[in-house]
Number of protein chains: 2
Amino acid sequence: MDVGKRLRSRGYRVTAQREAIYDVLEENEGKPLSPEDIHAMAVVKHTGLGLCTVYRTLDLFCNLGIAFPVHLKGGHGYYELNSGKHHHHMECLSCGAVELLEACMIDDIVELVRDGSDFLVTSHCMSLFGYCPDCLEQNRERKG
Amino acid sequence: MDVGKRLRSRGYRVTAQREAIYDVLEENEGKPLSPEDIHAMAVVKHTGLGLCTVYRTLDLFCNLGIAFPVHLKGGHGYYELNSGKHHHHMECLSCGAVELLEACMIDDIVELVRDGSDFLVTSHCMSLFGYCPDCLEQNRERKG
DNA sequence: CTCAATGCAAACTGTTTGCAACCGC
DNA sequence: GCGGTTGCAAACAGTTTGCATTGAG
């Protein structure tokens with residue numbers, strides 16, 4: 001769907017900057033880009049575009065469901081003792097509680113990848129996001 | 001195994017700071033901590049401990065396989081056009097190339113989670129890391 | 001014409017680095 | 001005592017914010 005419509009229908013203004021940024025995203029569909037990447041490409045389409053506008057626009061696009069963040073290596077650093085056991089995490093969006101997740105389908109996925117491409121997978125990360133029991137309970141109380 | 005041994009056997013020195021940091025990690029096994037979290041807890045065990053030492057030690061611990069980074073929400077921001085299609089990524093550790101990965105076992109995992117805990121999963125992220133075909137090829141040439 | 005959106009520069013946060021003092025081996 | 005390790009402060013990178021100006025509706 002047209003960005004202009006999606007912005008206007010939600011009460012946001014359609015500016016040349018936002019269209020330039022959207023175009024860059026569209027031209028690079030399926031390829032993660034940093035704000036700086038996006039700025040570098042979008043500034044060609046709209047001279048004078050500021051980097052902070054890129055940040056603000058990406059934030060808006062994410063809130064509107066137009067874009068979404070991708071979490072690759074190099075995120076904010078959290079560390080954990082390497083107990084040797086393989087596991088993942090579930091993070092509560094509300095309170096930040098993290099629950100351990102023993103389940104891991106990674107072997108199945110790696111197998112699928114092996115059949116479908118020549119990428120050699122050596123490690124991975126996966127996190128689930130949602131709400132922990134405590135927050136769900138509190139939310140229930142507040143409503144009821 | 002004892003940290004002291006693991007450090008010494010690799011030629012690194014065993015210091016009170018490193019032991020304090022290791023202790024904090026061990027006491028919080030299974031729980032992701034930020035360098036600041038770790039510093040706050042370790043400075044109690046070793047007064048005067050600097051935050052930069054925490055960073056250096058965590059880096060060392062990761063290289064030695066003693067600790068490992070966990071990638072939760074809030075990492076370096078990459079963005080992508082929301083095409084509505086669900087997918088993941090494979091990132092090449094050598095050149096940074098990113099390959100799209102259609103395979104997703106998330107439904108199976110979510111089901112497992114539903115059976116095993118009361119966490120409500122609303123979203124997730126998963127990335128595989130390894131080497132892309134080009135880098136594997138170049139590496140082969142360099143060796144042969 | 002009004003107020004959302006922008007560009008700039010400055011502020012802020014998380015992380016890294018240069019260097020002299022320190023201390024494990 | 002040698003050289004790896006530390007703490008400090010300053011540097012750095014990525015992101016956010018305050019404010020006057022601009023421009024979409």
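Naming: A, B, ... by sequence-line order, numbering from 1 per chain.
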Just verifying a value: how many Å separate B:Leu25 CG and B:Leu58 CG, rounded to the nearest 0.5 Å? 6.5 Å
Once you round to the nearest 0.5 Å, how far does CG of B:Leu33 lie from CD1 of B:Ile38? 5.0 Å
To the nearest angstrom, the CG-C1' distance between A:Leu51 and D:dT17 comes to 14 Å
Side-chain N or O of A:Tyr55 less than 4.0 angstrom from OP1 or OP2 on D:dT15? yes
Is the distance from OP1 or OP2 of D:dT6 to the nearest side-chain N or O of B:Thr15 less than 4.0 Å? yes
Polar side-chain atom of A:Asp37 near backbone of A:Ser34 as donor-acceptor pair, under 3.5 Å: yes
Between atom OH in B:Tyr12 and atom C1' in D:dC2, what is the gap in whole Å? 18 Å
Side chain of B:Leu49: nearest nucleotide among D:dG7, C:dT2, C:dG7? D:dG7
Between side-chain atoms of residues 40-54 of chain A and protein atoms elsewhere (two or more places apart, or another chain), which donor-acceptor pairs fall under 3.5 Å?
| from | atom 1 | to | atom 2 | distance (Å) |
| --- | --- | --- | --- | --- |
| A:Lys45 | NZ | A:Glu27 | OE1 | 3.4 |
| A:Lys45 | NZ | A:Glu27 | OE2 | 2.8 |

Among the nucleotides D:dG7, C:dT6, C:dC25, which one has an atom lying closest to any side-chain atom of B:Arg8? C:dC25
Tell me: CD of B:Glu19 to P of D:dT5, nearest whole Å? 14 Å
Between B:Asp59 (side chain only) and B:Tyr55 (backbone N and O only), is there a donor and an acceptor less than 3.5 Å apart? no
Length of the line joining A:Asp59:CG and D:dT17:C1', which is rounded to integer Å: 13 Å
Angle separating the five-pair end axes of the helix from C:dC1-D:dG25 to C:dC25-D:dG1, nearest 10°, is 30°
Distance below 4.0 Å between A:Thr53 side-chain N/O and C:dG7 OP1 or OP2: yes
CG of B:Leu64 to CZ of B:Arg10: how many Å apart, nearest 0.5 Å? 5.0 Å
Give me, pair by pair, the N or O atoms of the protein and of nucleotides 18-21 of chain D that are less than 3.5 Å apart, along with how far apart they are.
none

What distance separates A:Leu60 CG from A:Ile66 CD1, expressed to the nearest 0.5 Å? 6.5 Å
Return the nearest nucleotide to the side chain of A:Arg13; candidates are C:dA4, D:dT16, D:dG7. C:dA4
Flag the pair B:Thr15 / B:Leu7 as yes when at least one side-chain heavy-atom distance between them is below 4.5 Å, and no otherwise. no
Any donor and acceptor pair, going by atom type alone, linking the side chain of A:Arg18 with main-chain N or O of A:Arg13 inside 3.5 Å? yes
To the nearest Å, give me how far apart CG (A:Leu58) and C1' (D:dG14) are. 13 Å
Integer-rounded Å distance: C:dA5 P and A:Leu7 CG: 9 Å
Heavy atoms under 4.0 Å, any strand shown: does B:Gly11 hit a base, just sugar-phosphate, or nothing? nothing
Whole Å only: how far is the NZ atom of B:Lys5 from the P atom of C:dG24? 20 Å
Any B:Gln17 side-chain nitrogen or oxygen under 4.0 Å from OP1 or OP2 of D:dG7: yes
Which heavy atom of B:Glu19 sits nearest a heavy atom of B:Val14, and at what distance? OE2-CG1, 3.6 Å
Starting from P on C:dA5, measure out to CG on A:Leu60 and report it in whole angstrom. 7 Å
